[in-house]
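First the structure, in the form of structure tokens, and then the observations on it.
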Amino acid sequence: ERRSANNNNWTAHGRRASASSSSSTRSPEAELDGLRRVFDSEYERALEDQEVSWRARYGATRLSFIMSALLMMLYLWLGCMFYRTEAGWSVPDALLFTVYTVTTVGYGGPQPLPNTAAFHAFTSVYLLVGISMVTVLGAHTYQLVTLEATRMRTKSNMWG
């Protein structure tokens, strides 16, 4: 048995004993299995963290999309009610005109268009705000679709 004068931590085979001496007596296969278990547990934890992060982003993005869509419907309803009362159009005609206006399609709408200051002022402001709202709704839709596509691509790369 080899021993140092200042250190009594030597084994009978000349190996230094330590707190992890049990791992040095294990076979390489056992050590490899232990490392695999650690790696698998870390990998599973990383996947869970990724899923939690994705769910948080998806939830926030979906909420933004829903709020934008509801706000857009409310905005179309507001325009529809104004045009119904100001121009005397039916609800379908007024709705068609509001959609044409905010999407800048420019087909016009029911003829003749009223030539009043209120009609022109409201339509000008309605157009500017409406184009912005359509843009925001389009951006939220794009974010939602992109986030879902990224998740699907990540899952397909993981499993395939």
Side-chain angles (χ1 to χ4, degrees), residues 19-20 22-24 26-160:
S20 63
S22 63
S23 67
S24 65
R26 293 181 2 192
S27 70
E29 293 82 18
E31 284 187 45
L32 186 58
D33 284 342
L35 290 173
R36 281 187 187 133
R37 279 192 296 275
V38 169
F39 176 75
D40 287 346
S41 124
E42 291 293 323
Y43 183 71
E44 289 297 321
R45 189 174 316 130
L47 287 178
E48 289 171 5
D49 289 347
Q50 183 181 23
E51 182 68 20
V52 167
S53 173
W54 183 87
R55 285 180 190 265
R57 283 192 317 264
Y58 185 77
T61 303
R62 188 179 65 199
L63 181 62
S64 295
F65 170 78
I66 290 170
M67 292 304 293
S68 294
L70 289 174
L71 192 58
M72 190 69 209
M73 285 190 283
L74 179 66
Y75 192 70
L76 290 174
W77 178 81
L78 172 75
C80 192
M81 293 301 107
F82 174 81
Y83 292 125
R84 195 177 122 236
T85 57
E86 178 67 26
W89 295 335
S90 67
V91 172
D93 285 342
L95 181 62
L96 185 65
F97 185 77
T98 59
V99 171
Y100 284 168
T101 302
V102 298
T103 58
T104 67
V105 171
Y107 287 144
Q111 296 296 329
L113 295 177
N115 194 15
T116 64
F119 181 85
H120 289 289
F122 181 83
T123 302
S124 297
V125 172
Y126 190 80
L127 176 65
L128 293 174
V129 174
I131 291 171
S132 300
M133 291 181 70
V134 167
T135 303
V136 168
L137 182 60
H140 286 147
T141 303
Y142 176 78
Q143 285 178 333
L144 202 60
V145 169
T146 302
L147 193 58
E148 186 61 36
T150 302
R151 181 176 188 218
M152 291 174 67
R153 187 173 358 119
T154 302
K155 284 197 175 213
S156 70
N157 287 342
M158 245 180 0
W159 304 114

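None of the values given here were measured: they were computed from a predicted structure.
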Distance, nearest 0.5 Å, that separates [atom1] of [X] from [atom2] of [Y]:
X    : Y    : atom1 : atom2 : value
T98  : F82  : OG1   : CZ    : 12.5 Å
R84  : W77  : CZ    : CH2   : 9.5 Å
D49  : E42  : CG    : CD    : 9.5 Å
Y75  : C80  : OH    : SG    : 13.0 Å
M133 : M73  : CE    : CE    : 10.5 Å
T123 : L128 : OG1   : CG    : 11.0 Å

If you look at every heavy atom in [X] and [Y], which pair is closest and at what distance?
X   : Y    : result
A94 : Y83  : CB-CB, 3.9 Å
L76 : Y126 : CA-OH, 3.4 Å
A69 : L137 : N-CD1, 3.7 Å
S53 : R57  : OG-NH1, 2.9 Å

Do the side chains of [Y] and [X] get nearer than 4.5 Å, heavy atoms only?
X    : Y    : answer
L71  : M67  : no
V125 : V129 : yes
T146 : T150 : yes
D93  : S90  : yes
T61  : H140 : no
T104 : L127 : yes
H120 : N115 : yes
W89  : L113 : yes

* To do: Find out whether the Lys NZ or Arg CZ of R151 is both under 6.0 angstrom from the six-membered ring centre of W54 and within 45° of the ring's axis.
  =>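 Ring-cation test returns yes.
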* To do: May I ask you to decide whether R45 forms a salt bridge with E48, counting only side-chain N to carboxylate O separations under 4.0 Å?
  => no
* Asked: Do NZ/NE/NH1/NH2 and the carboxylate oxygens of D40 and R37 come within less than 4.0 Å?
  ->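 Judged by the 4.0 Å cut-off on N to carboxylate O distance, D40 and R37 do not form a salt bridge.
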* Would T101 and F97 count as a side chain to side chain contact (heavy atoms under 4.5 Å, CB included) if you check the C-alpha gap in whole Å, the side-chain angles of each, and the deciding distance to 0.1 Å? -> CA-CA 6 Å; T101 302; F97 185 77; 3.5 Å; yes
* To do: Test E148 against Y58 for side chain to side chain contact (heavy atoms under 4.5 Å, CB included), laying out the working first.
  => CA-CA 8 Å; E148 186 61 36; Y58 185 77; 3.8 Å; yes
